[in-house]
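Input: a single structure, listed below in C-alpha cells.
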Number of protein chains: 2
Amino acid sequence: MARRSDHSREQIKEMALQATEKILIEQGLAGLSTRKVAAAIGYTAGSLYLVFENLEDLLLHVNVRTLEKLFQTLQGSANDCPEVQTCLRNMALAYITFAKDHPNLWSAIFERQWQNEMPDWYNDKIAHLFQLVEDKFQQLLPEARTDKVAQAVRAYWCGVHGVCMLGLTGKLDAISDHSTEELSNTLIDNFLFGLTSKKESRDD
Amino acid sequence: MARRSDHSREQIKEMALQATEKILIEQGLAGLSTRKVAAAIGYTAGSLYLVFENLEDLLLHVNVRTLEKLFQTLQGSANDCPEVQTCLRNMALAYITFAKDHPNLWSAIFERQWQNEMPDWYNDKIAHLFQLVEDKFQQLLPEARTDKVAQAVRAYWCGVHGVCMLGLTGKLDAISDHSTEELSNTLIDNFLFGLTSKKESRDD
DNA sequence: ACCTGAACACCGTTCAAGT
DNA sequence: ACCTGAACACCGTTCAAGT
C-alpha cells in the first residue's frame with residue numbers, strides 16, 4: 001500500500017469525526033486515541049495528521065458538533081413556553097437533560113485543558129448558544145442596559161453550568177440528595193426573583 | 001540495588017506527595033506521570049505502587065491537601081465580616097482568588113473523571129468545606145427547614161463554582177469582558193436577595 | 001522485606017520511503 | 001499525491017529477580 005485514494009480528504013475527515021464521536025460515547029475521553037480512531041476507519045494514525053492538526057484539533061471538531069446538537073435542543077425548549085421565566089427554567093433543565101443523555105460528549109467539552117486558544121469558528125458557536133439565553137433576558141429586562149443584560153446572562157449560565165457539572169460528576173452525592181433539577185430551579189428562581197425585584201424597586 | 005531502606009514508607013509517601021504537587025503546579029495535570037514523580041524522589045516508578053494504589057490514588061491524596069488549604073483560606077474569609085451576606089460574598093471571592101492563585105492544583109480536582117468512587121476520607125473533607133458555607137446560610141435563614149438550607153447552600157456553591165470554572169478556563173473570554181469577581185457578585189447578590197425576600201414575604 | 005529493571009500494552013506525533 | 005510503517009519519546013502498571 002501507500003496510495004489508495006479510496007476516499008477524498010473530506011470523506012476521511014467525516015469518517016474520523018464519526019469514529020471519534022463513537023469512541024467518545026462508548027469509552028469516554030480517557031479511552032480516546034488517534035490509533036483507535038485510525039483503526040476504526042481503516043487507516044493508520046499518520047493519516048489523521050493529513051486532515052487534522054492533531055488529536056486536540058480532531059476533538060475540537062467533534063465538540064463543535066456537540067455544541068450544535070445542544071443548540072438544537074435549547075432552541076426547542078426556548079420556544080413553546082408561555083412566559084420568559086418558564087423558558088429560562090426549561091432551558092436550564094434542557095441543558096441538564098442533554099448533559100445526562102450525552103455525558104461523555106458533554107464532558108469532552110470541559111474535561112480537558114486545551115493547549116491552544118479556541119479558534120474563532122469554535123467561539124462563534126458558543127456565542128451562538130449564549131444568544132439564545134440573551135434573547136430571553138432581553139425580554140425579561142427590556143429597559144436594562146445591554147451590559148447589565150450580558151452580565152446577567154453569564155451569571156445565570158455559569159450558575160446552571162456549575163449545577164450541571166457538580167451534579168453530573170457526582171461531586172455532590174456524598175453530601176446531598178437533592179436532584180440536579182431541583183438545585184437548578186432553586187438557583188434560577190431565586191436569581192431571577194432577585195434580578196427582577198431589584199429592577200422594579202431600585203431601578204439601578 | 002534492590003533493598004535500600006533509606007526511607008520509611010511514610011517518608012516515601014510524603015516525598016511522593018510533595019513531588020507530585022510540584023510537578024502539578026509547574027506542568028499541570030497533563031504533565032504529571034508516575035515516572036516523573038519517581039525520578040523526582042530518586043526511586044523507580046514501581047516503588048510508588050508500594051505506597052499508593054495507583055496514580056489516581058496518589059493524585060487524590062494531593063487533592064485532599066489542596067482542599068485543606070482551601071478550607072483554611074475560606075475559614076479566614078468566613079470570619080472577619082460584619083454581616084452574613086458580606087461573608088458569603090467574601091467566601092466566593094476567596095474561592096475564586098484561590099483558584100486563580102493555584103490554577104493547576106485547583107484544576108486537578110475537577111479536570112479528570114475518576115475511575116472509582118471517592119473514598120470516605122475524601123468526601124469528608126468536602127463536607128467539611130460545605131459546612132463553612134452552611135453555617136452562614138443557617139445564620140441567614142434561621143427559621144428555614146434544614147433541607148431548605150442545604151438546598152440553598154448547594155445551589156449557591158454550584159453557582160460560584162460555575163462562575164469560577166468558566167471564568168478561569170477562559171471559556172467566557174470570547175464573549176464577555178466582565179471579570180469573574182463581578183460575575184460572582186451578580187450571581188450571589190441576586191440569589192441571596194431572592195432567597196431572603198421570598199423568605200420574608202411568602203415564608204414557604 | 002524492599003526495590004529494581006525489564007516487560008507488557010499502550011500513547012501522540014513525525015517523516016522517510018514506497019507506489 | 002497519498003498513505004504507510006517504522007521510529008521516537010513517552011505513558012501506567014506488574015512482577016520475577018536480586019539483595
Side-chain angles (χ1 to χ4, degrees), chain A residues 1-17 19-24 26-63 104 107-108 111-116, chain B residues 1-17 19-24 26-63 104 107-108 111-116:
Chain A
M1 287 156 252
R3 173 184 176 98
R4 315 193 319 186
S5 297
D6 290 346
H7 307 278
S8 69
R9 275 177 79 93
E10 280 314 308
Q11 279 178 314
I12 294 179
K13 218 164 174 170
E14 181 57 33
M15 288 157 69
L17 285 172
T20 304
E21 194 172 57
K22 188 160 185 280
I23 294 169
L24 221 44
E26 290 169 358
Q27 307 179 48
L29 189 53
L32 180 69
S33 76
T34 53
R35 288 167 136 103
K36 279 187 194 167
V37 174
I41 65 172
Y43 280 80
T44 53
S47 306
L48 289 178
Y49 292 81
L50 270 67
V51 285
F52 292 103
E53 282 180 43
N54 48 36
L55 182 59
E56 183 162 314
D57 182 40
L58 171 56
L59 186 57
L60 215 54
H61 280 84
V62 173
N63 284 347
N104 285 342
S107 297
E111 205 172 323
R112 191 189 286 250
Q113 281 196 295
W114 307 88
Q115 299 288 114
N116 306 303
Chain B
M1 286 155 256
R3 176 184 175 99
R4 315 194 320 185
S5 297
D6 290 346
H7 306 279
S8 71
R9 275 178 80 93
E10 280 314 308
Q11 280 176 313
I12 294 178
K13 218 164 176 170
E14 182 58 32
M15 288 158 66
L17 286 172
T20 304
E21 195 172 58
K22 188 161 184 281
I23 294 168
L24 220 45
E26 290 168 357
Q27 308 179 47
L29 189 54
L32 180 69
S33 77
T34 53
R35 287 167 136 103
K36 279 187 194 170
V37 174
I41 65 172
Y43 280 79
T44 52
S47 306
L48 289 177
Y49 292 81
L50 269 67
V51 285
F52 292 104
E53 282 180 43
N54 48 36
L55 181 60
E56 183 163 312
D57 182 39
L58 172 54
L59 186 58
L60 216 55
H61 280 84
V62 172
N63 284 347
N104 285 341
S107 296
E111 204 172 323
R112 189 190 288 251
Q113 281 198 295
W114 306 88
Q115 298 288 115
N116 304 302

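In what follows, chains are A, B, ... by sequence order, proteins preceding strands, each numbered from 1.
Projected onto DNA chain C by closest heavy-atom contact, B/Leu50 and A/Glu56 fall at different nucleotides, the more 5' of which corresponds to B/Leu50. In terms of position along DNA chain D, the nucleotide closest to A/Gly42 lies nearer the 5' end than the nucleotide closest to the other residue of the pair B/Lys36 and A/Gly42.
In terms of phosphate contacts, B/Thr44 brings no side-chain nitrogen or oxygen within less than 4.0 Å of OP1 or OP2 of C/dG5. One finds no side-chain N or O of B/Ser47 lying less than 4.0 angstrom from the OP1 or OP2 phosphate oxygen of C/dC2.
The CZ atom of B/Phe52 sits 18 Å away from the C1' atom of D/dT14 (whole-angstrom rounding). If you take NZ of B/Lys13 and C1' of C/dC2, they are 16 Å apart, rounded to a whole angstrom. Between B/Asn116 atom CG and D/dT13 atom P the separation is 11 Å, expressed in whole Å. Atoms OH (B/Tyr49) and P (C/dA1) sit 23 Å apart, rounded to a whole Å. Remark: C1' of C/dC10 and CD1 of A/Ile23 are 15 Å apart, rounded to the nearest angstrom. To the nearest angstrom, P of D/dC11 lies 17 Å from CG of B/Asn54. The nearest whole Å value for the distance from the OH atom in A/Tyr43 to the C1' atom in D/dG5 is 16 Å. Protein atom CD1 of A/Ile41 is 9 Å distant from nucleotide atom P of D/dT4, rounded to whole Å.
Interatomic distance, A/Lys13 NZ to A/His61 NE2, rounded to the nearest 0.5 Å: 5.0 Å. To the nearest 0.5 Å, the span separating CZ on A/Arg112 from CG on A/Leu29 amounts to 5.0 Å.
Residue-environment remark: CD (B/Glu26) exceeds the threshold of 12 foreign heavy atoms within 6.0 Å.
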side-chain contact (heavy atoms from CB on, under 4.5 Å) between B/Asp6 and B/Gln11, intermediate numbers included = CA-CA 9 Å; B/Asp6 290 346; B/Gln11 280 176 313; over 6 Å; no

Check step by step if side-chain contact (heavy atoms from CB on, under 4.5 Å) holds for A/Leu60 and A/Glu53.
-> CA-CA 11 Å; A/Leu60 215 54; A/Glu53 282 180 43; over 6 Å; no

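Looking at heavy atoms from C-beta onward, B/Thr34 lies out of side-chain contact with B/Leu58 at the 4.5 angstrom threshold. Put simply, the side chain of B/Leu17 does not reach to within 4.5 Å of the side chain of B/Thr20, judged on heavy atoms.
With hydrogens and angles disregarded, a donor-acceptor distance shorter than 3.5 Å links the side chain of B/Glu56 to the backbone of B/Asn116.
Residue contacts shown for A/Leu48 are absent, as no nucleic acid heavy atom lies under 4.0 Å away. At the heavy-atom level, A/Ser33 lies under 4.0 Å from the strands shown only through sugar-phosphate atoms. Within the 4.0 angstrom heavy-atom criterion, only backbone atoms of the sugar-phosphate kind lie near A/Ile12; the bases stay farther away. Within the 4.0 angstrom heavy-atom criterion, only backbone atoms of the sugar-phosphate kind lie near A/Leu32; the bases stay farther away.
Comparing the C1' positions of C/dC8 and D/dC11 gives an interatomic distance of 12 Å, to the nearest angstrom. Across the P atoms, C/dA9 and D/dA9 are found 23 Å apart, a figure rounded to whole Å.
Stem analysis of DNA chain D (at least three stacked-register Watson-Crick or G-U pairs, each with both distances under 3.5 Å) gives C:4-8 with D:12-16, C:12-16 with D:4-8.
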